[in-house]
Amino acid sequence: MTRILPGVIAMAAVVVASNILVQFLFGQWLTWGAFTYPVAFLVTDVMNRVYGVSAARRVVFIGFVVGVICSLIGTQIMGEYGPLVTWRIAIGSGLAFLSAQLLDVAIFDRLREGSWWRAPLASTLVGSSVDTAIFFTIAFAGSLTFLEPANDVSWAGEALPLLGTGPVAPLWVSLAVADWMVKLSLALIALLPFRAIVRKLSPDLA
């Protein structure tokens, strides 16, 4: 456990920070949490590369537990329009994180023997896409209102041009696409710190 403690601390910090920053808007389609949350994939990939699949999964499960705790706390804090975290958001967040991170671990492990950049890039791109799809669908899709009937998410279904300029789509789809685009961009940027951290922790694997 001691050897992966930095990874555990980093993952917990990312999850806590993202749960806080998601309350603050960045422009029309994003929150500040959109820029911190993708770092979780970097943490997972570094743990996977340096310490292996088992260690990476342990870090993911600890991050999941921290996320659940944050969500439960958020459901008890009342904001201007109700709880800071609704049950749909809590469910979507937990399922998205666990599914995407474990998928990331599996894909990375399958590709670990290839070029150094292939495993972290492919696993993060796929994991990020799954994360976005699961979270936004569960949290805001009108077809899933039965998950929390008392939570009015009709605002998320408002028909608007996609990202303000594209074809008409529900608002939550624009939010999801913007989030997904940030994740894809950061997946590319994260290759640099991934390479540097792996070289520092285990030069023979770099």
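- Scanning all heavy atoms of the two residues, the minimum distance from L191 to P120 falls at CD2-CG, 3.9 Å.
- Rounding to the nearest 0.5 Å places CD1 of I20 at 12.5 Å from OG1 of T31.
- Between V65 and I62, every side-chain heavy-atom pair lies at or beyond the 4.5 Å cut-off.
- In this structure, the separation between CD1 on I91 and CG on L95 is 7.5 Å, given to the nearest 0.5 Å.
- The aromatic rings of W32 and F35 lie tilted to each other, with the angle between the two planes from 30° to 60°.
- The closest side-chain heavy-atom distance from L162 to V168 is not below 4.5 Å.
- Heavy-atom minimum distance, K183 versus S128: CD-CB, 3.5 Å.
- A heavy-atom distance below 4.5 Å is not found between the side chains of V173 and F136.
- The distance from atom CD1 of I107 to atom CG of L121, rounded to the nearest 0.5 Å, is 11.0 Å.
- No donor-acceptor contact under 3.5 angstrom links the side chains of Y37 and D179, judged on distance only.
- Atom OG1 of T132 sits about 12.0 Å away from atom CE of M181, to the nearest 0.5 Å.
- Residues S71 and S93 have side chains that never bring a donor and an acceptor to within less than 3.5 angstrom of each other.
- Few gaps surround CZ on R112; more than 12 heavy atoms of other groups in view lie less than 6.0 Å from it.
- If you take CG on L171 and CD on Q28, they are separated by 8.5 Å, rounding to the nearest 0.5 Å.
- Both F24 and V85 are assigned to one and the same hydrophobic cluster, defined by single-linkage of ILVMFWY side chains at heavy-atom distances under 4.5 Å.
- Side-chain atoms of F61 and L102, non-hydrogen and from C-beta on, do get closer than 4.5 Å to each other.
- Grouping the Ile, Leu, Val, Met, Phe, Trp and Tyr side chains by contacts below 4.5 angstrom, directly or via other members, places F135 with V68.
- Listed here is the closest heavy atom pair of I134 and S99: CD1-CB, 3.8 Å.
- Contact detail for I89 and A139: the closest heavy-atom pair is CG1-CB, 4.1 Å.
- Heavy atoms only, all atoms of each residue included: M47 and A56 are closest at CB-CA, 4.1 Å.
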Before you tell me yes or no, could you show the steps for V66 and C70 under side chain to side chain contact (heavy atoms under 4.5 Å, CB included), namely the whole-Å CA-CA distance, both residues' side-chain angles and the distance that decides it to 0.1 Å? CA-CA 6 Å; V66 172; C70 289; 4.2 Å; yes
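- Between V198 and W116, the closest side-chain pair of non-hydrogen atoms is not below 4.5 Å.
- For the residue pair N48/R57, the side-chain donor-acceptor check at 3.5 Å is not satisfied.
- In this structure, CZ on R88 lies 6.5 Å from OG1 on T145, to the nearest 0.5 angstrom.
- In the hydrophobic clustering of this structure, V177 does not group with I138; members are Ile, Leu, Val, Met, Phe, Trp, Tyr whose side-chain heavy atoms approach within less than 4.5 Å, directly or through other members.
- Both M11 and V53 sit in one connected hydrophobic cluster of ILVMFWY residues. Membership requires side-chain heavy atoms under 4.5 Å apart, directly or through other members.
- Residues A156 and F140 approach most closely at CB-CB, 3.8 Å, considering heavy atoms.
- Within the 4.5 Å cutoff, no side-chain heavy atoms of W172 are placed close to those of V153.
- No hydrogens or angles considered: a donor-acceptor pair under 3.5 Å links the side chains of D45 and T124.
- Between F194 and W117, the ring center distance fails the sub-6.0 Å criterion.
- For the residue pair D104 and T44, no side-chain donor N or O sits within less than 3.5 Å of a side-chain acceptor on the partner.
- Around atom CH2 of W180, no more than 12 heavy atoms belonging to other residues, nucleotides or ligands sit under 6.0 Å away.
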L25 vs L30, side chain to side chain contact (heavy atoms under 4.5 Å, CB included): CA-CA, chis, key distance, verdict: CA-CA 6 Å; L25 293 175; L30 297 166; over 6 Å; no
